[in-house]
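Just so we're clear, the structure is a prediction, and the values are computed from it rather than from any experiment. Letters A, B, ... mirror the listed sequences (proteins, then strands); counts begin at 1.
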Amino acid sequence: MSELPKTFDPAEIEARWYARWEGEGLFRPDRPDADPWTIVIPPPNVTGSLHIGHALDVTLQDILTRHARLKGKDALWVVGTDHAGIATQMVVERNLARENVTRASLGREAFTQRVWEWKAESGGQITRQLRRLGASCDWANERFTMDDGFSRAVIEAFVRLHEAGLLYRDKRLVNWDPHFRTAISDLEVETREVQGKFWHLAYPLADGSGHISVATTRPETMLADMAVAVNPSDDRYTHLVGKQIRLPITGRLIPIVTDEHADPELGSGAVKITPGHDFNDFEVGRRAGIEARDMLNMLDADARIIQTADGLVPDTLIGLDRFEARKAVVAQLEAEGTLERVEDRVIQTPYGDRSGVVIEPWLTDQWYVDAKTLAGPAIEAVRSGTIKVVPESWTKTYYNWMENIQPWCVSRQLWWGHRIPAWFAEDGRVFVARDEAQAQAQAGDGVALTRDPDVLDTWFSSALWPFGTLGWPEEGGKLPRHYPNDVLISGFDILFFWDARMIMQGLQMTGEVPFRTLYLHGLVRDATGAKMSKSKGNTVDPLGLIDRYGADALRFTLAAMESQGRDIKLDEKRVEGYRNFATKLWNASRFAQANGIGGSSGREPPAATGIVNQWIVAETQATVHRMDLAIADLRFDEAANTIYQFAWSRFCDWYLELIKGAVDEETRAVAGWVLDQILVMLHPFMPFVTEELWGLLGTRKTPLITADWPMADARAIDPAASADVKWLIRLVEEVRAARTEVNVPPAARTELMVLATARAGYTAGSAPPVPRDLIARIERLRLPLRRLARVDRAIFLNMGIEIDLETGEHLDVSRDGQGERTLGPQIVIDDMTFILPLEGVIDVGAERDRLAKALAAAAKERDALAGRLGNASFVERAKPEAVEKARADHDARAAEAERLEAALARLG
RNA sequence: GGGCGCGUAGCUCAGUGGUAGAGCACUGUGUUCACACCGCAGGGGUCGCAGGUUCAAUCCCUGCCGCGCCCACCA
């Protein structure tokens with residue numbers, strides 16, 4: 001055992017221990033007979049790098065995983081990465097662009113080959129970074145959403161959904177991203193408020209009898225208008241219903257129809273209908289009997305103007321980008337005199353969350369999942385409590401979304417992803433099958449088949465993660481033992497994207513919920529509360545924090561700040577503070593080492609007879625109990641604060657101080673045991689420094705990572721011992737405060753006079769005797785009292801007893817002499833007054849102020865309690881124990897006040 | 001428009017129907033053989049505002065003010 005330096009080097013410890021844990025398979029020790037415990041990581045994008053949100057997410061998961069492992073469970077933390085369709089395709093395309101190569105020029109085969117190559121070279125960054133954080137995942141079985149096994153699960157899920165009639169192909173409007181040229185789901189669209197305009201147009205009636213006004217934020221779509229709608233109850237337009245309009249520019253004849261969608265209160269009450277380019281209008285068109293295939297389309301995949309089916313769009317507009325087209329159309333309307341007026345207006349505009357371009361409602365054939373049907377059991381699972389959501393308040397959001405869920409568009413016009421297992425015949429028939437042979441069998445011999453070129457939404461596959469990683473659809477394996485997972489941890493920002501879809505898919509595919517508990521944490525924000533973003537430049541790099549303070553400090557910070565239902569505002573000062581905590585622990589261990597305190601032999605606390613030892617054993621057990629409760633409730637902040645307070649404020653500040661200079665065999669055993677319990681309980685939060693100290697402090701059967709979590713109630717402790725130490729702590733604190741306030745020089749040593757009377761005079765014969773049990777208590781505590789209160793002798797007035805606290809010797813003192821003692825700072829604890837005889841040394845004015853202040857506080861409290869007790873309704877109606885407590889408190893405060901008054905009187 | 005959350009010490013946040021807590025920051029101080037990334041002591045809050053329920057409200061209820069987020073087809 002080498003001597004520990006004053007501070008330690010986190011980087012060296014972290015690298016060394018992580019390599020050893022992983023190398024020795026300690027993240028997944030073989031425990032076939034233990035209770036299984038399972039969590040799956042939200043698979044980070046393979047393109048990703050660790051950001052602070054990951055750091056929080058992973059820290060919380062690692063805390064639970066390490067805790068479960070210490071509890072002896074067969075803890076499995078499934079890890080892997082997500083192929084992240086669009087994101088990855090983007091990265092590789094960008095790389096290709098540097099070589100002046102386009103995706104199209106490579107072709108699909110070669111392109112996807114390049115993506116795999118990229119993944120092999122660069123895809124490991126995020127997983128290396130997870131290791132730096134200390135994540136104890138099962139790396140030996142790392143998965144990828146596009147590995148063979150997982151891909152089989154994806155195909156299987158698709159086919160099964162199709163067989164169940166829960167997945168279908170449909171032609172309707174989708175959210176089209178013209179930048180990526182793919183459909184995206186509702187969730188991938190974010191609505192932004194942008195400054196736009198509201199154009200009022202006068203559409204002429206075909207019979208020349210006038211016009212009807214409509215207003216639009218998208219005038220260019222009038223090229224594909226197919227009707228004007230008015231509300232059936234709108235009397236203003238009844239006479240026009242059924243008449244034709246001759247559209248400006250195209251000259252198309254369109255009818256005036258009635259539809260509830262038209263709101264008489266808005267604008268003119270008449271609205272233009274463009275079924276091929278607006279979600280509302282699509283529905284209006286459907287109700288008017290227009291089939292999707294007959295709806296006019298005026299845009300191509302790049303959102304450029306194309307000729308409509310009726311050939312009426314002027315050639316001058318063909319090929320224009322949608323925004324250029326808008327200008328051109330407006331100019332022409334203005335020239336024709338059909339533009340009535342233009343208003344400025346804030347418009348809710350849909351943007352692609354990845355591309356950042358305006359999303360276009362576009363008519364295409366896509367695959368849809370019948371989310372509404374899947375949502376039923378998923379709602380029920382939460383409502384019935386089969387899945388517990390923490391914090392519970394999120395259930396409302398969950399229900400609200402689930403109950404209004406729309407069909408989920410799962411096909412994407414990309415190359416990187418799970419290719420959809422559907423084959424088309426030339427006649428338009430579609431065959432969904434597990435492979436081409438099966439599809440061919442369905443289609444019949446000789447039918448030429450072409451596979452659907454599209455791939456699946458990345459979230460379709462990640463929804464299968466909790467069971468697809470465990471071997472599903474194969475039976476057996478890890479599945480029965482580790483599914484459902486115990487808990488899932490994710491940020492609330494992916495509640496709909498991922499969590500809800502896992503629940504739906506899990507229930508549909510396995511008949512069981514994917515996890516028993518869903519824990520949702522908040523976002524990590526900067527110190528001012530702003531959302532972190534690359535563009536704002538306020539991101540905090542977790543790896544930089546690890547470099548500066550160590551992974552332990554960062555982890556502890558995130559855990560301590562993780563209170564349920566709240567975002568985290570990360571302040572680097574906090575990380576620094578917890579780095580200091582790690583150093584504190586390190587130095588406590590140095591002290592231990594220097595005093596021959598080493599590792600303990602087991603979970604059972606050593607037998608303790610000394611009061612200080614008994615006290616710390618009881619405190620330790622209480623701490624274990626609090627930790628167990630906090631972790632069971634997923635109260636990460638509470639757990640972190642509990643062990644922090646215990647280690648620093650109890651163990652270091654008091655226990656180690658109390659045992660200094662009196663480290664005997666029993667104390668060595670107890671101190672070693674307590675320190676070990678601290679290391680174990682702290683290990684999930686600060687795995688590295690605790691593991692290092694565990695190794696340095698003793699010869700161990702096992703590294704800390706696979707040690708045993710403490711038992712809360714290992715040994716019954718005599719409560720009297722705790723009472724002694726708690727009393728001592730109060731006395732020492734009061735003595736220190738008194739000394740400081742009256743400016744006693746820090747180095748000065750005093751005597752401690754003990755006085756059992758409230759009366760001002762304390763000369764010989766005037767005071768009652770000091771209770772024997774107090775004398776005995778002081779004798780028991782004499783050494784720590786001597787050391788911490790800086791008193792050498794206890795003088796029991798009127799008892800003829802003085803005790804030398806160093807030796808415990810009773811000095812023979814004549815009764816008469818005792819009344820002549822000088823005055824000094826006075827301390828009142830319960831029914832006892834203590835005096836530090838320092839007359840002449842102290843600042844009498846300051847002492848008077850101090851006592852007066854204490855008296856005022858005690859009197860105020862006494863009077864408040866007296867008032868309460870004087871209230872008849874309180875005595876009658878309050879809980880009896882509340883009344884009793886008020887009485888006891890009142891009496892204690894009254895006694896204290898009385899003694900403080902006497903103390904003041906003694907000062908003269 | 002609907003929903004959720006927040007408003008407690010200078011800052012970041014816990015918390016409880018019955019005398020307000022932590023960390024950081026701040027002030028003073030350094031006797032002590034682990035630690036100045038430390039010790040000891042201290043100052044600092046009408047718990048957003050207004051009503052209500054209650055013997056008692058920072059905590060429960062209602063309203064209001066302020067802040068944040070999510071969802072939603074006013075063309």
Side-chain angles (χ1 to χ4, degrees), chain A residues 4 6-7 191 198 214-218 229 261-263 265-268 270-274 278-284 347-348 361 391 393-394 396-397 399-401 404 492-493 495-496 522-523 525 527-529 531 549 553 557 560-561 563 565-571 573-574 576-595 635 637-638 641 644-645 649 652-653 656-657 660-661 733 736-741 743 745-749 787-788 790 857 860-862 864-865 868 871-879 881-883 885-886 889 893:
Chain A
L4 304 181
K6 266 189 177 184
T7 57
T191 307
F198 201 39
V214 295
T216 180
T217 56
R218 300 203 53 196
H261 166 64
D263 183 345
E265 305 293 317
L266 293 175
S268 68
V271 57
K272 67 191 266 311
I273 301 297
T274 321
D278 181 280
F279 288 104
N280 287 313
D281 295 3
F282 180 83
E283 296 303 325
V284 175
I347 300 167
Q348 309 280 327
S393 59
W394 281 105
K396 208 154 185 173
T397 307
Y399 296 141
N400 189 41
W401 187 70
N404 296 294
F492 65 73
D493 52 328
L495 173 60
F496 304 145
L523 266 44
R525 297 169 178 278
T528 67
K531 201 166 166 173
Y549 303 104
T557 304
M561 297 185 83
S563 59
R566 197 166 186 137
D567 287 346
I568 290 179
K569 284 181 203 162
L570 189 66
D571 185 348
K573 293 292 287 179
R574 203 66 188 260
E576 187 186 330
Y578 291 124
R579 186 272 320 265
N580 295 351
F581 176 51
T583 307
K584 183 80 181 176
L585 193 71
W586 184 266
N587 281 300
S589 301
R590 290 178 68 221
F591 172 82
Q593 199 183 49
N595 284 276
R635 287 301 310 253
D637 57 341
E638 199 165 301
N641 288 326
Y644 178 93
Q645 292 297 340
S649 304
C652 291
D653 286 351
L656 293 185
E657 294 303 324
K660 271 181 186 171
E733 283 176 341
R736 284 169 172 171
R739 289 172 57 110
T740 303
E741 291 215 16
N743 301 314
R749 301 193 64 87
R787 186 183 154 73
L788 299 180
R790 304 191 69 73
K860 186 181 165 199
E861 187 57 29
R862 176 197 62 199
L865 288 161
R868 196 187 296 169
N871 181 343
S873 336
F874 173 70
V875 180
E876 280 167 32
R877 313 184 66 158
K879 288 172 296 189
E881 54 270 32
V883 178
K885 181 172 189 303
D889 288 352
R893 289 315 212 173

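Within the 4.0 angstrom heavy-atom criterion, only backbone atoms of the sugar-phosphate kind lie near A:R635; the bases stay farther away. Residue A:A594 is classed as having no contact, given no heavy-atom separation below 4.0 Å to the nucleic acid. Looking at heavy-atom distances under 4.0 Å, A:R736 makes contact with sugar-phosphate atoms alone, never a base. A:R218 comes within 4.0 angstrom of no nucleic acid atom, judged by non-hydrogen atoms across all strands. Within the 4.0 angstrom heavy-atom criterion, only backbone atoms of the sugar-phosphate kind lie near A:D653; the bases stay farther away.
On the C1' atoms, B:G21 is 14 Å away from B:G44, given to the nearest whole Å. Spacing between B:G18 and B:G66 at atom C1', rounded to whole Å, works out to 31 Å. On the P atoms, B:G1 is 27 Å away from B:C60, given to the nearest whole Å. Atom name P, nucleotides B:G23 and B:A14: the rounded distance is 16 Å, in whole Å. Comparing B:A22 with B:U31, their P atoms are spaced 27 Å from each other, to the whole Å. The separation of B:C13 from B:G17, taken at their P atoms, amounts to 23 Å, rounded to a whole angstrom. For B:G45 and B:G10, the P atoms lie 7 Å apart once the distance is rounded to whole Å. Going from the P atom of B:G15 to that of B:C70 covers 24 Å, rounded to whole Å.
Applying the 4.0 Å criterion to OP1 and OP2 of B:C4, one finds that A:K396 has a side-chain N or O inside that range. Between A:K660 and B:A34, a side-chain N or O to OP1/OP2 separation shorter than 4.0 Å is present. The phosphate of B:A25 (OP1 or OP2) has a side-chain N or O of A:K573 nearer than 4.0 angstrom. Taking side-chain N and O atoms only, A:R590 has no distance below 4.0 Å to OP1 or OP2 of B:A34. Applying the 4.0 Å criterion to OP1 and OP2 of B:A14, one finds that A:R566 has a side-chain N or O inside that range. Listed pair A:K569 / B:C13 meets the phosphate criterion, a side-chain N or O lying under 4.0 Å from OP1 or OP2.
For the pair A:C652 and A:K584, the tightest heavy-atom approach, listed with the atom from each and the gap, is CB-CE, 3.8 Å. When every heavy atom of A:H261 is checked against every heavy atom of A:D281, the shortest pair comes out as NE2-OD1, 4.1 Å. Shown here for A:R218 and A:P361, the closest heavy-atom pair between the two residues is NH1-CD, 4.1 Å.
The nearest whole Å value for the distance from the CG atom in A:N404 to the P atom in B:C73 is 10 Å. For the pair A:K885 NZ and B:C55 P, the computed distance is 21 Å after rounding to whole Å. Here B:A75 presents its P atom at 6 Å from CZ of A:F198, a figure rounded to the nearest Å. For the pair A:E861 CD and B:G18 P, the interatomic distance rounds to 14 Å; values are reported in whole Å. One interatomic measurement links the two molecules: CZ of A:R787 to P of B:A34, which rounds to 8 Å at whole-angstrom precision. Distance, A:R739 CZ to B:G28 C1': 16 Å, rounded to whole Å. Rounded to a whole Å, the CG atom of A:D263 is 12 Å from the C1' atom of B:C73. Atom P of nucleotide B:C33 and atom CG of A:L788 are separated by 13 Å, given to the nearest angstrom.
Taking the six-membered ring where the residue is Trp, A:Y644 and A:Y578 present perpendicular rings, their angle passing 60° and hence far from 30°.
In the set B:G28, B:C37, B:A34, the nucleotide with an atom closest to the side chain of A:A588 is B:A34. For A:N280, the listed nucleotide lying nearest its side chain is B:C73; candidates were B:C55, B:A75, B:C73. Ranking B:C38, B:U31, B:G7 by closeness to the A:K584 side chain, first place goes to B:C38. The side chain of A:S563 has B:C13 as its nearest neighbour among B:U31, B:C70, B:C13. Distance from the side chain of A:Q348 is smallest for B:A72 among the nucleotides B:A41, B:A72, B:A34. Closest to the A:F591 side chain, of the nucleotides B:A34, B:C4, B:A75, is B:A34. When each of B:C37, B:A22, B:C55 is scored by its nearest atom to the side-chain atoms of A:N871, the top-ranked nucleotide is B:C55. The side chain of A:E741 approaches B:G42 more closely than any other nucleotide in the set B:U19, B:G18, B:G42. Checking B:A14, B:C55, B:A41 against the side-chain heavy atoms of A:E733 singles out B:A41 as nearest. Nearest nucleotide to the side chain of A:I347, out of B:A34, B:A75, B:G3: B:A75.
When the nearest nucleotides of RNA chain B are assigned to A:D281 and A:N587 by heavy-atom distance, the more 5′-ward of the two goes with A:N587. Each of A:W586 and A:W401 has a nearest nucleotide on RNA chain B; the 5'-most of these lies closest to A:W586.
In summary, of the residues considered (A:V284, A:N280, A:V214, A:D278), a side chain to side chain contact (heavy atoms under 4.5 Å, CB included) with A:I273 occurs for A:V284 alone.
Look at B:C4: its Watson-Crick or wobble partner, with both distances under 3.5 angstrom, is B:G68. The nucleotide B:C40 finds its pairing partner in B:G28, both defining distances of the Watson-Crick or G-U wobble pair being shorter than 3.5 Å. Partner assigned to B:C55 is B:G18, using Watson-Crick or G-U wobble distances below 3.5 angstrom.
For A:R579 and A:Y549, the positive end is not near the middle of the six-membered ring at less than 6.0 Å and at most 45° from its axis.
The base of B:C24 lies outside donor-acceptor range of the side chain of A:R574, with no N or O pair under 3.5 Å. Residue-to-nucleotide contacts include a donor-acceptor pair under 3.5 Å from the side chain of A:E657 to the base of B:A34.
Salt-bridge annotation for A:K660 and A:E657: present, with a side-chain N of the basic residue lying under 4.0 Å from a carboxylate O of the acidic one. Look at A:D567 and A:K569 and you find no salt bridge, because none of the NZ, NE, NH1 or NH2 atoms lies under 4.0 Å from a carboxylate O.
Side-chain contact annotation: A:R590 with A:N587, donor-acceptor N/O pair under 3.5 Å present.
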